[in-house]
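Data first, discussion second: the structure below is written as structure tokens.
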Amino acid sequence: RYPGYAGGVRMKLLTLNCHSWLEDNQWEKLGILADTIAEKEYDIIALQEVNQLISEEEAFVKEDNFALILLRELEKRGVTGYSFIWDYAHIGYDRFEEGAAILTRHPVLEEHRFHVSSVEDPANWKTRKIIGITIPVHDEKVTFYSCHLGWWQDEEEPFMSQADRLFEKAAGPFFLMGDFNNDANTHGEGYDYLMKKGLWDTFHLAEKRDEGTTIQGDIAGWDGNDK
């Protein structure tokens, strides 16, 4: 429920770091994602690490763009009506244009793209760009952002500075969705910093929820993690 409305408005939201084209059993996992979206009929889907190979293809969104392939997989399942926007922040793994995407079943009134890192060079893997869309929800415009931020301890691109830039540019009633690269159970760091900005955590607002774990073990970006 969106707390800005009397009685609330029911919407289904999904956010996922896809780690696309780098996963084992990639096509199987893509199919699971498409099946889940087809079943749940999400209103907004925010994706991170949405990759496409660097190539000579002139199109901005190339044929192997993960979000575009996902949209086609949905169409194979008879799911139509979704549109998406995508933009890339930096070169990943020396071969991908790595970015973020948002899919929606609603008309898009505005698109948003802006950097939150101090660097904007796509050759620098610490470059961070946020994308967003504004859609009509009843009589109000609501914006949804797909975010992929840096780490709290990063001396070159600290999370705090990126979060400050994000809040400077985020406008109107909004939802921040994505991968914030912070452990919500580590006090005094990124999660607490965001909460002090006055956000509502939809995980804690949910009527039903799991234990809240979003990553497990040693994965890319969380080397040495044993939780």
Side-chain angles (χ1 to χ4, degrees), residues 2-4 11 13-19 44-51 85-92 97-102 104 108-135 137 140-206 212 214-215 219-223 225 227:
Y2 173 58
M11 299 186 74
L13 311 181
L14 171 67
T15 184
L16 177 68
N17 183 321
C18 302
H19 198 233
I44 302 288
I45 303 163
L47 305 176
Q48 303 81 48
E49 293 194 28
V50 179
N51 297 331
I85 71 165
W86 173 86
D87 206 337
Y88 84 99
H90 58 247
I91 305 303
E97 293 174 337
E98 178 185 312
I102 301 183
T104 183
V108 175
L109 303 177
E110 300 174 43
E111 298 181 8
H112 310 275
R113 295 174 170 85
F114 53 85
H115 287 89
V116 292
S117 53
S118 61
V119 294
E120 298 185 6
D121 181 2
N124 188 326
W125 69 273
K126 292 187 178 182
T127 296
R128 302 288 181 175
K129 180 183 283 188
I130 307 299
I131 67 167
I133 59 171
T134 301
I135 67 169
V137 180
E140 191 166 4
K141 296 179 180 179
V142 182
T143 301
F144 299 81
Y145 295 103
S146 183
C147 310
H148 193 186
L149 273 63
W151 292 266
W152 181 261
Q153 304 89 345
D154 193 309
E155 295 181 359
E156 297 176 340
E157 281 292 338
F159 174 89
M160 185 183 298
S161 297
Q162 294 181 4
D164 288 344
R165 293 186 189 98
L166 173 57
F167 275 86
E168 287 172 3
K169 297 182 178 181
F174 62 81
F175 286 79
L176 301 181
M177 303 168 67
D179 179 352
F180 296 91
N181 273 316
N182 275 265
D183 184 351
N185 296 314
T186 300
H187 298 297
E189 293 190 359
Y191 179 81
D192 288 348
Y193 191 74
L194 289 179
M195 290 301 100
K196 289 178 181 178
K197 298 282 190 180
L199 295 179
W200 295 79
D201 186 344
T202 55
F203 175 76
H204 293 299
L205 293 174
T214 58
I215 66 167
I219 66 170
W222 287 83
D223 301 315
N225 178 56
K227 298 180 182 179

Taking every non-hydrogen atom, the tightest pair across [X] and [Y]:
{"X": "F203", "Y": "D201", "answer": "N-OD1, 2.9 Å"}
{"X": "W86", "Y": "A101", "answer": "CD1-CB, 4.1 Å"}
{"X": "G178", "Y": "T15", "answer": "N-OG1, 3.0 Å"}
{"X": "G188", "Y": "W152", "answer": "O-CZ2, 3.6 Å"}
{"X": "S117", "Y": "T127", "answer": "OG-CA, 3.5 Å"}
{"X": "Q48", "Y": "C147", "answer": "CG-O, 3.4 Å"}

Identified side-chain hydrogen bond (donor to acceptor under 3.5 Å, both in side chains) partner of S118 from the options E156, E157, R128 = E157
inquiry  = Using a 3.5 Å distance criterion without hydrogens, assess whether the side chain of K129 forms a donor-acceptor pair with backbone atoms of A100.
reply    = no
request  = Answer yes or no: is there a donor N or O on one side and an acceptor on the other, between the side chain of N182 and the main chain of F180, under 3.5 Å?
outcome  = yes
Would you say [X] and [Y] make side-chain contact, with heavy atoms under 4.5 Å?
{"X": "L166", "Y": "L176", "value": "yes"}
{"X": "M11", "Y": "F144", "value": "yes"}
{"X": "D183", "Y": "E189", "value": "no"}
{"X": "I135", "Y": "K141", "value": "no"}
{"X": "I44", "Y": "F175", "value": "no"}
{"X": "H148", "Y": "N181", "value": "yes"}

task = Using only heavy-atom distances, determine whether the side chains of T134 and H112 contain a donor-acceptor pair under 3.5 Å.
result = yes
Kindly compute the distance separating [atom1] ([X]) from [atom2] ([Y]), expressed to the nearest 0.5 Å.
{"X": "L199", "Y": "F174", "atom1": "CG", "atom2": "CZ", "value": "6.0 Å"}
{"X": "E111", "Y": "I102", "atom1": "CD", "atom2": "CD1", "value": "9.5 Å"}
{"X": "E97", "Y": "I91", "atom1": "CD", "atom2": "CD1", "value": "5.5 Å"}
{"X": "R113", "Y": "K169", "atom1": "CZ", "atom2": "NZ", "value": "14.0 Å"}
{"X": "M177", "Y": "S146", "atom1": "CE", "atom2": "OG", "value": "7.5 Å"}
{"X": "Q162", "Y": "I130", "atom1": "CD", "atom2": "CD1", "value": "8.0 Å"}

message = Does the structure place the NZ or CZ of K197 under 6.0 Å from the centre of the six-membered ring of F167, at an angle of no more than 45° from the ring's axis?
response = yes
request  = Step by step, work out the side chain to side chain contact (heavy atoms under 4.5 Å, CB included) result for D87 and F114.
outcome  = CA-CA 10 Å; D87 206 337; F114 53 85; over 6 Å; no
request  = May I have the step-by-step check of side chain to side chain contact (heavy atoms under 4.5 Å, CB included) for I133 and I85, ending in yes or no?
outcome  = CA-CA 8 Å; I133 59 171; I85 71 165; 3.5 Å; yes
